[in-house]
Amino acid sequence: MNLITRIREARFWPMLWKEFIQMRRDRLTFAVMTGLPAIQLVLFGYAIQTDVRHLKTVVLDESRTAESRALVAVMINTGNFDLVGAVADRTAMRDAIESGAASAALVIPPDYERNIKRGKTAEAQIIVDAADPQSSSSAIAGAQLAALARGATIIAGRYRAPPPIDMRVRPWYNPEQRSAVFIVPGVIGILLTLTMTLITSTAIVRERERGTLEQLIVTPIGKPSLMLGKLVPFALVGYVQMTVVMALGVLIFRIPTVGSVPLLYLLTVPFIVASLGVGLLISTIARNQVQAMQFGFFFMLPNILLSGYVFPRVAMPLPAQWVGLLLPLTYYLNILRGILLKGTGIAQLWRPTLALTVFAVVLFAVSVRRFSKTIE
Amino acid sequence: MTAEAVVTEGLQKVFQGGLVAVDHLDLTIHRGEVFGLLGPNGSGKTTTIRMLCGLLTPTAGRATVVGHDVERESELIRTKIGYMSQRYGLYDDLTVYENLRFYATVYGLHGRLRAERLEKHMDEIGLSPLRTQLAGTLSGGWKQRLALACATAHEPEMLFLDEPTAGVDPAARRAFWKSIYELAAHGTTILVTTHYMDEAERCQRLAFLSRGHLIGLGTVQEILAQFKQPTIEDVFIELQRRDEGAAA
Ligand SMILES: Nc1ncnc2c1ncn2[C@@H]1O[C@H](COP(=O)(O)OP(=O)(O)OP(=O)(O)O)[C@@H](O)[C@H]1O
Ligand SMILES: [Mg+2]
């Protein structure tokens with residue numbers, strides 16, 4: 001038998017073929033695999049905006065002077081506030097905020113310019129609808145910074161000297177600081193984790209539960225073909241999911257893909273292998289599909305919370321950071337964000353790559369051994 | 001080709017926790033025989049079959065199936081045997097044809113040979129009209145026929161059938177036994193377990209198991225004569241009573 005015939009007649013192919021048919025027919029699996037990326041993207045791309053910019057803003061300018069107009073211009077320039085109109089008095093301002101027509105108001109009292117001219121402290125107010133502290137905090141911080149800068153400019157003018165310090169913050173990689181840019185690469189990582197661990201383990205447990213695994217073992221299929229035939233389809237699905245999410249990210253959320261996409265696909269291999277190892281491991285522990293699901297969700301939880309997917313790891317207490325180090329996703333997120341947002345190359349990514357490779361080898365070896373024993 | 005289809009010597013299986021499911025079993029099954037394995041629930045029938053199919057490793061003793069050692073040559077044995085488990089092992093979410101095609105391919109059938117073999121099987125057992133139906137929606141009788149077709153698509157030398165007719169109506173059972181005799185007529189050795197005594201009487205030779213050990217062996221006539229009972233059912237009940245008495 002020549003090599004081509006051997007490859008074509010490998011017992012791995014019928015497994016692959018069967019697995020894809022089953023995947024397509026199982027509504028739950030299909031929904032989780034296709035609906036979940038959509039939901040996650042919409043949820044995290046649109047709904048959860050940690051960086052609400054362009055707050056609709058009304059101005060109550062009782063000073064009506066060059067100085068007060070300069071302050072309005074400075075605030076608008078931060079990009080945090082969009083001028084939607086001027087109001088005549090405090091009642092009108094309150095109405096605008098309460099009705100939702102505006103979520104911020106800039107109030108400049110009548111003596112604003114006069115106080116500046118006299119060398120006194122001039123007061124101005126920004127009122128922000130802070131019902132959602134997450135979204136208002138960055139606007140508030142932006143306003144404070146803008147006011148400080150404006151103050152420095154005025155003082156500099158007064159002493160006819162350049163400002164003593166000129167601190168310019170340059171947010172690299174995500175200059176507009178949009179959360180979608182941060183989240184969408186994470187969605188890829190979370191989705192792959194879900195498919196490789198939860199979906200894969202339930203598929204294997206189902207096979208054992210229904211007695212078809214026993215049937216398979218008495219066929220001449222052999223363990224490598226059996227396992228590969230069972231796992232490879234999910235790896236392929238993972239690559240499709242990844243590609244779709246990336247495409248949507250670029251088209252809808254304008255995610256920069258600065259780095260090498262082929263490199264990303266390559267470095268995804270150890271992550272997928274490691275995650276499949278976890279899935280296989282779950283399948284050897286769980287007694288039925290429900291248990292496999294529960295183990296799967298249990299594993300997802302730290303991945304969502306501690307990997308740096310939504311919450312930055314640097315802001316976590318140390319023990320939480322340590323737990324994060326035990327999750328393959330933590331390293332994979334570094335790779336994802338590094339390549340997609342920063343254009344990082346393999347030279348800078350060798351650490352997470354090495355970590356993932358170690359995870360892949362250890363997890364896969366352990367789970368394959370356990371799996372072999374359960375089908376004794 | 002060696003003469004015997006199955007030879008076991010002192011075959012034993014002890015499960016974790018110390019339960020002796022099969023105890024020093026000495027058994028020989030001849031080529032082309034329809035051999036019945038009888039015994040009450042939990043007597044070790046399934047465990048014996050699993051050891052012979054290479055699903056379980058024997059704790060002690062040795063066994064050969066179609067001339068090959070079950071522990072050292074299980075890969076080889078697998079290409080030559082068919083196994084129909086108590087649970088049939090069908091994929092509920094694949095159609096009748098997809099199930100057959102899957103198992104045939106796993107057993108190494110390809111191309112024209114596979115297509116011909118599948119059509120022949122589907123026609124013979126009358127599954128053709130149901131080819132696009134999901135296996136999970138088949139009635140018990142059809143499931144059983146499909147499972148048999150899946151287990152025999154590669155025309156094995158030896159067939160293990162573990163309670164193939166449980167939960168199947170009398171007409172389907174009769175049809176099933178007709179298929180079994182046809183397979184035997186073509187030289188296939190068949191080991192079948194059953195709880196139906198009329199089926200037991202259709203076997204050429206019988207073995208009785210109780211709590212893991214062999215308590216009776218021979219043709220139907222030999223067994224009736226040996227235990228001085230009118231029917232196999234009486235033998236079954238008598239043997240079980242004796243064995244329980246011995247245990248007490
Ligand atoms: N994997 C296992 N681990 C532990 N004990 C087992 C295992 N499989 C079977 N047993 C026990 O071994 C004994 C023999 O079981 P077996 O399934 O071989 O009986 P059987 O003759 O096929 O019964 P039935 O007629 O109900 O199918 C039983 O007591 C059973 O509980
Ligand atoms: Mg049984």
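Each chain gets a letter, A, B and so on, in the order its sequence line appears, and its residues count up from 1. Only heavy atoms go into these numbers, but all of them, side chains included; no hydrogens, no water, no symmetry mates.
The part of B:Y88 that comes within reach of chain A is its backbone (N, CA, C, O), which places non-hydrogen atoms under 4.5 angstrom from that chain. At a 4.5 Å heavy-atom cutoff, the contact between B:L134 and chain A is made by side-chain atoms alone. Interface remark: A:R25 contributes side-chain atoms only to the contact with chain B (heavy atom separation under 4.5 Å). For chain B, no part of A:W13 is nearby; none of its heavy atoms comes within less than 4.5 Å.
Listed for the B:R101 side chain is no donor-acceptor partner under 3.5 Å among the backbone atoms of A:P14.
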Next item on the list: Give the C-alpha distance, both sets of side-chain angles, the deciding distance and a yes or no for side-chain contact (heavy atoms from CB on, under 4.5 Å) between A:M15 and B:F102.
Entry: CA-CA 8 Å; A:M15 277 299 286; B:F102 172 70; 3.7 Å; yes
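Other residues, nucleotides and ligands contribute over 12 non-hydrogen atoms within 6.0 Å of the CG atom of A:L326. Within a 6.0 Å sphere centred on CZ of A:F20, other residues, nucleotides and ligands contribute more than 12 heavy atoms. Atom OH of A:Y265 is surrounded by more than 12 heavy atoms from other residues, nucleotides or ligands within 6.0 Å.
Ranked by heavy-atom pairs under 4.5 Å with chain A, the list B:N99, B:L94, B:D92 is led by B:L94.
The shortest non-hydrogen separation linking A:V218 to B:R78 is O-CG, 3.3 Å. Here the closest heavy-atom approach between residue A:T219 and residue B:V106 is recorded as OG1-CG1, 3.2 Å. For the residue pair A:Q22 and B:Y91, the shortest heavy atom distance occurs at NE2-CD2, 3.2 Å.
Separating the CZ atom in A:R11 from the OG1 atom in B:T105 is a distance of 10.0 Å, to the nearest 0.5 Å. Put simply, CZ on A:R24 and CG on B:D93 are 11.0 Å apart, with the number rounded to the nearest 0.5 Å.
Using a 3.5 Å distance cut-off with no hydrogens or angles, the side chains of B:Y83 and A:E214 do pair a donor with an acceptor.
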